[in-house]
Amino acid sequence: MSSNKQRNQPPRDAEAAVRGEELFRIDGVSKSFRHVDALDDVSLTVGTGEVVGLVGENGAGKSTLLKILTGIHRPDDGQLFLDGEPITVDGPNDAASEGISLVHQEQDVIGNLTGYENMYLGLFDRFTTGGVLDRRAMREAGQEVIDELGIDIDLTDTVAHYDFNERQMLEIAKAFSYLGDADRPIILLDEPTAGLEEEGRDLLFEQIHRLRETASFVFVSHELDEVLEVCDRIYVLKDGAVVDEVAAADTTEDELQRAMVGRDASEEYYHVSAQRTVAGEDVALSADGLATDDGLADVSFDLREGEILGVVGVDGSGKARLGRILGGARAPDAGTVSVGGERIENPTVSKMVDSGVGYVPKERKSEGLLLYQPLRFNVSLPSIGLPSMRDDVPLAGRSLPLIDFDREEELAERAVERLNIKTPGIDELVERLSGGNQQKVVLAKWLMRDVSVLVFDNVTRGIDVGAKEEVYRLCRELADDGVSMLFIGDELPEVIGMANRILVMKDGSIVDVVEAPPGDKPTEEEIIQEMI
Ligand SMILES: Nc1ncnc2c1ncn2[C@@H]1O[C@H](COP(=O)(O)OP(=O)(O)OP(=O)(O)O)[C@@H](O)[C@H]1O
């Protein structure tokens, strides 16, 4: 693979030839947002029945490119071609009529509508005659799509009742339903597996294999093993430009990472040699008999100071509910939580924060961020009540506690540097950051505040490989400083690599506690056996 930045003419060899006939082509596309050049003269092709991978660091321009292909953004420059003919795409409906649809990175659903209404949002006219909407036809059409895909969700239920996995499966079904009768659809998948449970992932890959006779795919992911597994050809984007193009069969994860990040993966990806022993340490947090009416039963464990405690389980096992309770986002129906020996009555987010517990939820958009506020405010938010963030101003004989904005600026600048957040500045609205950089902001806000316990639910979701390693290193440093972490995750290698011990959950209960010391880590198979 070459690593030089080459414009317009990415390196191509015989193996990297387009599979099938050329169906779709992007020629010299550029796009800028105010101070950011998100795409710079990008060209790529997609063949019929081909799965094309798109990889690159957070903020490299992957989502922007997909949004241009579906008409959400207009390119400043360049041209799209379908079957050799120039096309203009004016929006998702227009894209759908050309056979192009997108599975969004962030779930784009409306909670108080049903599954089938969400599926056909924006396409109601397909089911309307004489001004009357035929809901039954819409429901049946939706059901047909999910039956065909083998997806098991209740389309008549409102989406607010869906869990993360179900919403993601709905997103995938939506992309297929949009296409109607397109004979050669192009399906764009923007990190479709991020946070998706194993089962959903397998189902998606099966569909890709099944449909590739007729459909073409563009697959964006930070999971390089998945990219190598499902793609024929891979483009590497860096700072908005294509820096490499290679046949999947001719490359490796290491090579891809080098092209993306400019350096090799560390031998010590999870920094296991820095894993500390915590046997004699004090208990930082303990859960005693936690239960919920919807199935969590008698969950008890101690988390020691400086310990990283993994939590794994299949969808519905209770691991996410456990995280929400410990983060204060949900009250348990029975049982208690204690932090540093103090029992927390009726835990809420603010009580947990006050007792030194930070929570990084899986669903960053709804729970982790204030999207329409600047980065600096998001990062400093949990720290605002701390004395170090106050600037007491004397007023009429009293002291008025104001936020110390210099301190806030310093905190935000430090977060940007420490986590390498790609942003034009600390005043940028979080909504404008790329998905992975948003996740870094969620993490930063806790790293910048003194906490004793961090509850992570898929903390590296959407973060690129280079940044993941940085997060793992930070976790080891925090553990060394005595910070404890509950490490809930769907990526087994990551949980196994990082954790001292692993709680395996099934049907709402802890079914096993597996030790994971350096040099004697359990295998994925051993853990999976306990999970199912
Ligand atoms: N609406 C917008 N306004 C301003 N800047 C934007 C907007 N959308 C994207 N950007 C910027 O464009 C650049 C590319 O973002 P994009 O979302 O395409 O990255 P990405 O490769 O998909 O990243 P990730 O892997 O983190 O999802 C980033 O610097 C981002 O902050």
Side-chain angles (χ1 to χ4, degrees), residues 26 29-42 44 52-78 91 102-108 168 171 188-195 218-224 226-227 234-244 256-257 259-261 363-365 368-369 371-376 378 415-416 419-444 458-471:
I26 301 163
V29 162
S30 298
K31 174 76 186 171
S32 298
F33 299 102
R34 295 187 311 145
H35 323 289
V36 182
D37 292 332
L39 293 175
D40 179 12
D41 199 10
V42 168
L44 57 84
V52 169
L54 202 55
V55 301
E57 288 180 288
N58 295 131
K62 305 177 295 295
S63 299
T64 304
L65 187 59
L66 299 192
K67 285 178 183 162
I68 284 178
L69 302 187
T70 40
I72 297 170
H73 293 321
R74 278 293 188 89
D76 300 334
D77 223 336
L102 170 66
V103 176
H104 287 269
Q105 180 182 109
E106 290 298 330
Q107 298 166 345
D108 219 6
Q168 191 64 3
E171 266 296 331
L188 314 174
L189 301 158
D190 195 358
E191 296 186 44
T193 60
V218 178
F219 185 83
V220 171
S221 176
H222 290 292
E223 304 303 325
L224 299 180
E226 290 181 1
V227 174
I234 302 164
Y235 288 91
V236 181
L237 274 183
K238 191 167 174 58
D239 299 330
V242 173
V243 291
D244 224 328
L256 282 178
Q257 165 153 1
M260 277 168 61
V261 188
E363 308 183 30
R364 60 175 166 247
K365 278 215 164 164
L369 291 168
L371 288 173
Y372 297 98
Q373 293 291 339
L375 181 155
R376 63 188 291 160
N378 273 275
V416 168
L419 286 165
N420 194 14
I421 301 174
K422 187 171 178 191
T423 173
I426 60 171
D427 291 313
E428 185 75 335
L429 298 186
V430 165
E431 199 248 345
R432 295 192 179 136
L433 301 184
S434 77
N437 283 298
Q438 290 181 350
Q439 181 70 356
K440 290 186 189 177
V441 173
V442 183
L443 186 57
N458 284 281
V459 65
T460 60
R461 179 181 160 227
I463 294 187
D464 70 55
V465 276
K468 269 185 190 163
E469 194 185 331
E470 186 58 17
V471 170

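Hydrogens, waters and symmetry mates are skipped; everything else that's a heavy atom, side chains included, is used. Bear in mind the structure is a predicted one, so any value in this text is a computation, not a measurement. Positions are given from 1 along the sequence. Remember, it's 1-based here, ligands and their atoms both numbered in the order they're listed.
Using 4.0 Å as the threshold, Gly61 has a heavy atom nearer than that to some atom of ligand 1. For the ligand labelled ligand 1, residue Lys67 lies outside the 4.0 Å heavy-atom shell. By the 4.0 Å heavy-atom criterion, Asp464 is excluded from the residues contacting ligand 1.
For ligand 1, the polar-atom distance check finds an N/O of Ser63 within less than 3.5 Å of one of the ligand's N/O atoms. Looking at ligand 1, you won't find any N or O of Lys422 less than 3.5 Å from one of its N or O atoms. In terms of polar-atom proximity, Glu428 is not counted as a contact of ligand 1, lacking any N or O under 3.5 Å from an N or O of the ligand. By the 3.5 Å distance cut-off applied to N or O atoms, Ala60 is counted among the residues near ligand 1.
At distances below 3.5 Å, at least one donor-acceptor pair connects side-chain atoms of Gln438 with backbone N or O atoms of Val430. No donor-acceptor pair closer than 3.5 Å links the side chain of Ser32 to the backbone N or O of Arg34. The main-chain N or O of Val416 is never found under 3.5 Å from a side-chain atom of Asn420 such that the two would form a donor-acceptor pair. A donor-acceptor contact shorter than 3.5 Å links the side chain of Asn58 to the backbone of Asp464. In this structure, the side chain of Gln168 engages the main chain of Pro192 through a donor-acceptor pair within 3.5 Å. In this structure, Gln439 contributes its side chain and Val459 its backbone to a donor-acceptor pair below 3.5 Å. A distance-only check finds no donor-acceptor pair linking the side chain of Lys62 to the backbone of Leu237 [under 3.5 Å].
One finds no salt bridge joining Glu428 and Lys422 here, because no Lys/Arg side-chain nitrogen approaches an Asp/Glu carboxylate oxygen to under 4.0 Å. Ion pairing between a basic and an acidic side chain is recognised when a charged N comes within 4.0 Å of a carboxylate O; Lys440 and Glu470 show no such pairing.
Between Lys238 and Glu57 the shortest side-chain heavy-atom distance falls below 4.5 Å.
Of the heavy atoms in Thr64, both backbone and side-chain atoms come closer than 4.0 Å to ligand 1. Contact annotation for Glu191 and ligand 1: only side-chain heavy atoms (C-beta onward) come within less than 4.0 Å of the ligand. Contact annotation for His222 and ligand 1: only side-chain heavy atoms (C-beta onward) come within less than 4.0 Å of the ligand.
Given atom 27 (O) of ligand 1, the protein heavy atom at minimum distance is Gln105 NE2, 3.1 Å. For atom 13 (C) of ligand 1, the closest non-hydrogen atom of the protein is Gly59 O, 3.7 Å. Of the protein's non-hydrogen atoms, Ser434 CB, 3.3 Å is the one closest to atom 17 (O) of ligand 1. Atom 29 (O) of ligand 1 has as its closest protein heavy atom Val36 CG1, 3.5 Å. The nearest heavy-atom contact from the protein to atom 12 (O) of ligand 1 is Ala38 CB, 3.4 Å. In this structure, atom 30 (C) of ligand 1 lies nearest to the protein heavy atom Arg432 O, 3.5 Å. Of all protein heavy atoms, the one lying nearest to atom 2 (C) of ligand 1 is Phe33 CD2, 3.6 Å.
A side-chain donor from one of Glu226 and Thr193 sits under 3.5 Å from a side-chain acceptor of the other.
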(request) Go through the steps to decide whether Asn437 and Thr423 satisfy the test side chain to side chain contact (heavy atoms under 4.5 Å, CB included), and finish with yes or no. (result) CA-CA 8 Å; Asn437 283 298; Thr423 173; over 6 Å; no

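Set against the non-hydrogen atoms of Asn58, the atoms of ligand 1 under 4.0 Å away are 23 (O), 24 (P), 25 (O), 26 (O). Counting atoms of ligand 1 from 1 in the listed order, those under 4.0 Å from a heavy atom of Gly436 are 24 (P), 26 (O), 27 (O). Taking every non-hydrogen atom of Glu57 and a distance limit under 4.0 Å, the qualifying atoms of ligand 1 come out as 21 (O).
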